[in-house]
Amino acid sequence: MSESDTPVAPRALDKSKRTWLIASSCAGAVGAGFVAVPFVSTFQPSEKAKAAGAAVEVDISGVQPGEKITVEWRGKPVWIVRRTPAQLAELPKLDGQLADPKSERHPEEFTPEYARNEARSIKPEFLVVVGICTHLGCSPTDKFVPGPQPSLPNDWEGGFLCPCHGSTFDMAGRVFKNKPAPDNLPVPPHMYLSDTRLLIGEDKKA
């Protein structure tokens, strides 16, 4: 066999390229198994903000009624939902169906004093909650459209459904009765710096 016919070993992939290929493959495999949830993008918090639970500032000027954005605070997803007048009007009608309509269970842990109201918020139209079910830590999905749907009652008025074990929450993050989740979705410390700027993680001025 001549020197030109000698098999040549494949060149080793550059380490960074190999890492990128593996990550891309994994992301593709994971993405194929899930259905995308409607999502309004927002700015990425700085690395400093992500570390050690630093407060995160959010621009909410572009959030339209009926939309939700998600930001990360302390490694957790925080949902900011701009509710419509119709969604707000339904909240008082649901009290009899809820496990803790007035947010009286563990108030210091789940609901700051300034959010212990029907809307569970500082400004009624904006709901700010940690998007983690209080049962086993799953992340509920948006079910804002009212009406009969799989895994939901026929008189559904909009809210959130935890697909893991069926817990349901209204548009104020309040859990319905006889569900696995023992508490409402937590309201994180937050305050408004202006009409369009929200600070999550601090509430000194609230």
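Since the model is a prediction, treat every value here as computed from it, not as a measurement. As a basis for the values below, the full set of heavy atoms in this structure was taken, side chains included, without hydrogen atoms, waters or symmetry mates.
Defined by atom type and a distance below 3.5 Å, a donor-acceptor pair is missing between the side-chain atoms of Thr111 and Arg105.
Using a 4.0 Å cut-off between charged nitrogen and carboxylate oxygen, Arg174 and Asp100 do not count as a salt-bridge pair. Under 4.0 Å is where a charged nitrogen must lie from a carboxylate oxygen, and between Glu125 and Arg82 at least one such pair does.
Both Ile60 and Trp73 are assigned to one and the same hydrophobic cluster, defined by single-linkage of ILVMFWY side chains at heavy-atom distances under 4.5 Å. Hydrophobic clustering (ILVMFWY, side-chain heavy atoms < 4.5 Å, transitive): Leu91 and Phe169 are in one cluster. Residues Val71 and Val128 share a single hydrophobic cluster, defined by chaining ILVMFWY side chains whose heavy atoms lie under 4.5 Å apart. Following chains of ILVMFWY side-chain contacts shorter than 4.5 Å, one cannot reach Val130 starting from Val187, and the two form parts of different hydrophobic clusters.
For the atom pair Arg116 CZ and Lys102 NZ, the distance stands at 14.0 Å (nearest 0.5 Å). Atom SG in Cys162 sits 11.0 Å away from atom NZ in Lys179 (nearest 0.5 Å). If you take CD on Glu90 and CE on Met171, they are separated by 11.0 Å, rounding to the nearest 0.5 Å. The distance from the SG atom of Cys133 to the NE2 atom of His165 is 9.0 Å, given to the nearest 0.5 Å.
Closest approach of Pro77 to Thr70, counting heavy atoms only: CB-CG2, 3.8 Å. Pro189 and Asp203 make their closest contact through CB-OD2, 3.7 Å (heavy atoms, listed as atom of the first residue, atom of the second, distance).
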message = side chain to side chain contact (heavy atoms under 4.5 Å, CB included), that's the test. Do His135 and Asp183 meet it? Break it down for me.
response = CA-CA 8 Å; His135 179 216; Asp183 294 289; over 6 Å; no
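Side-chain N or O atoms of Tyr114 include one that pairs as donor or acceptor with a backbone N or O of His190 at under 3.5 Å. Between the side chain of Glu67 and the main chain of Gln64, a donor-acceptor pair closer than 3.5 Å is present. Remark: the backbone N or O of Gly147 is paired with a side-chain donor or acceptor of Gln149 at under 3.5 angstrom.
The stretch residues 143-159 participates, sequence neighbours left out, in no salt bridge (Lys or Arg N to Asp or Glu O under 4.0 Å) pair at all.
Within a 6.0 Å radius of CD in Glu113, other residues, nucleotides and ligands contribute 12 heavy atoms or fewer.
None of Asp142, Asp170, Thr168 except one satisfies the side chain to side chain contact (heavy atoms under 4.5 Å, CB included) rule with Phe160; the exception is Asp142. Among Ile80, Val63, Ile122, the one residue that satisfies the side chain to side chain contact (heavy atoms under 4.5 Å, CB included) test with Leu198 is Ile80.
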